[in-house]
There are 2 protein chains.
Amino acid sequence: MRNHTIGTLTWIRMMRFTTQSNQLSNEFLKRFDLTTAQFDVLIQIKTYAPITQSQLAEKVTVTQGGMSRMLVRLEKEGLIERKQNWKTKTISLTVKGEQMIDAATPSQLHFQSSFFEEALTEEEMKALYIAMTKIEKHSREKKLPPA
Amino acid sequence: MRNHTIGTLTWIRMMRFTTQSNQLSNEFLKRFDLTTAQFDVLIQIKTYAPITQSQLAEKVTVTQGGMSRMLVRLEKEGLIERKQNWKTKTISLTVKGEQMIDAATPSQLHFQSSFFEEALTEEEMKALYIAMTKIEKHSREKKLPPA
DNA sequence: TTTTTTCACTTGACTAAGCAAGTGAATGTT
DNA sequence: AACATTCACTTGCTTAGTCAAGTGAAAAAA
């Protein structure tokens, strides 16, 4: 089991880190009665409202089905509103939703950054940012190798 | 909504990338009848067997409950065996499980690396590896800030 | 020896997501 | 006008995971 190249080691460290940091983030957001996934969706709505479900799904890398369910939960909690508009549903925040996201945003963004800021130097962070930008873009365009 | 520092931007790119790459990875592993989560668990078992459930859970950053469920599925598929040993259950691969993981490992590891290798230079990859090692370690030790 | 504690694992109720089939309204086609 | 297509969204079934309460057997305490 020494097939592990620098690439595969990076991959598993990144996977472990994201699950770990997601868990901590969820724990952190409990004080605002939100989950990481909900925070992510709400902040997109706040930025782009009014927006349709499919556009929203695209922005957070989720299928339409997943988005449909997420929005049902958020609507049940009274954080968002959906209006039927021609054949589209337009999504926007309720007052309650706006208050929650505004309350949570500063500390949550700060918490997210702290994972990097506490472990890296200024230059390392810049390099990491550039690398992630490239990798993320590449992965969006990547296609499966043939079987 | 311009609270976005380099840290928060890095965070969301990394999150988007990992979900994206997980999805592609799942699609890729379909040809071996596996999911990414299953591959991850099986390779740990192959490396560390015989191992207990809690140790395994720790290794893949999952709760004991989550591991219990995962192993039930893998056992139902006939990929692993669990033996009651004193109060512990010891997990090991079946022949079928061993065959599957051996068949999938080379291409899956190569596929994982390709996300980085195709988008970065040699130096960038090294720097990324070092950064991820630091960050991952830091996140394991990180504690929640006080409310 | 009985009782309590501890420990490894399981389970019920839940969030989150995927895929694929289904629904229902608007728009095109014949 | 009647039928077919497209499009945005929903829904059933499944994997994957969380938390917290529950189980059952071994070890420690009474």
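Just so it is clear: chains get the letters A, B, ... in the order the sequence lines come, proteins before strands, and each one is counted from 1. What's counted below: heavy atoms across the whole structure, side chains too, no hydrogens, waters or symmetry copies.
For residues 13-65 of chain A, the set of pairs meeting the ring pair (Phe, Tyr, Trp, His ring centres under 6.0 Å) definition, not counting sequence neighbours, comprises A/Phe17-A/Phe115, A/Phe17-A/Phe116, A/Phe28-A/Phe111.
Nucleotide C/dA17 holds its C1' atom 11 Å from the CG atom of B/Asn22, rounded to whole Å. Spacing between atom CD of B/Glu75 and atom P of C/dC9 amounts to 13 Å, rounded to whole angstrom units. Following rounding to the nearest Å, A/Leu71 (CG) and C/dA17 (P) show an atom-to-atom distance of 11 Å. Summarising the geometry, the separation between CD on B/Glu58 and P on C/dC7 is reported as 16 Å, rounded to the nearest angstrom. B/Lys30 has its NZ atom 6 Å from the P atom of C/dA20, to the nearest Å.
Checking the phosphate oxygens (OP1, OP2) of D/dC9, a side-chain nitrogen or oxygen of A/Ser54 falls inside 4.0 Å. When the side-chain nitrogen and oxygen atoms of B/Arg82 are compared with OP1 and OP2 of C/dT10, one or more of them lie within a distance under 4.0 Å. Neither OP1 nor OP2 of C/dA8 sits under 4.0 Å from any side-chain N or O of B/Ser68.
In this structure, the salt bridge (Lys or Arg N to Asp or Glu O under 4.0 Å) partners of B/Arg140, at least two apart in sequence or on a different chain, are B/Glu136. Every residue two or more places apart in sequence or in another chain that forms a side chain to side chain contact (heavy atoms under 4.5 Å, CB included) with B/Val60 is listed here: A/Arg16, B/Asp40, B/Gln44, B/Val62, B/Met67. The side chain to side chain contact (heavy atoms under 4.5 Å, CB included) test applied to A/Thr18 returns B/Met14, B/Met15, B/Thr18, not counting sequence neighbours. Contacts of A/Lys134 classified as salt bridge (Lys or Arg N to Asp or Glu O under 4.0 Å), with partners at least two apart in sequence or in another chain: B/Glu124.
Residues B/Lys83 and B/Ser92 bring no donor and acceptor atom of their side chains to less than 3.5 Å of each other.
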Scan nucleotides 13-18 of chain D nucleotide by nucleotide, 5' to 3', and note B when protein non-hydrogen atoms come under 4.0 Å of the base, S if they reach only the sugar-phosphate, - if neither.
-> B-SBBB
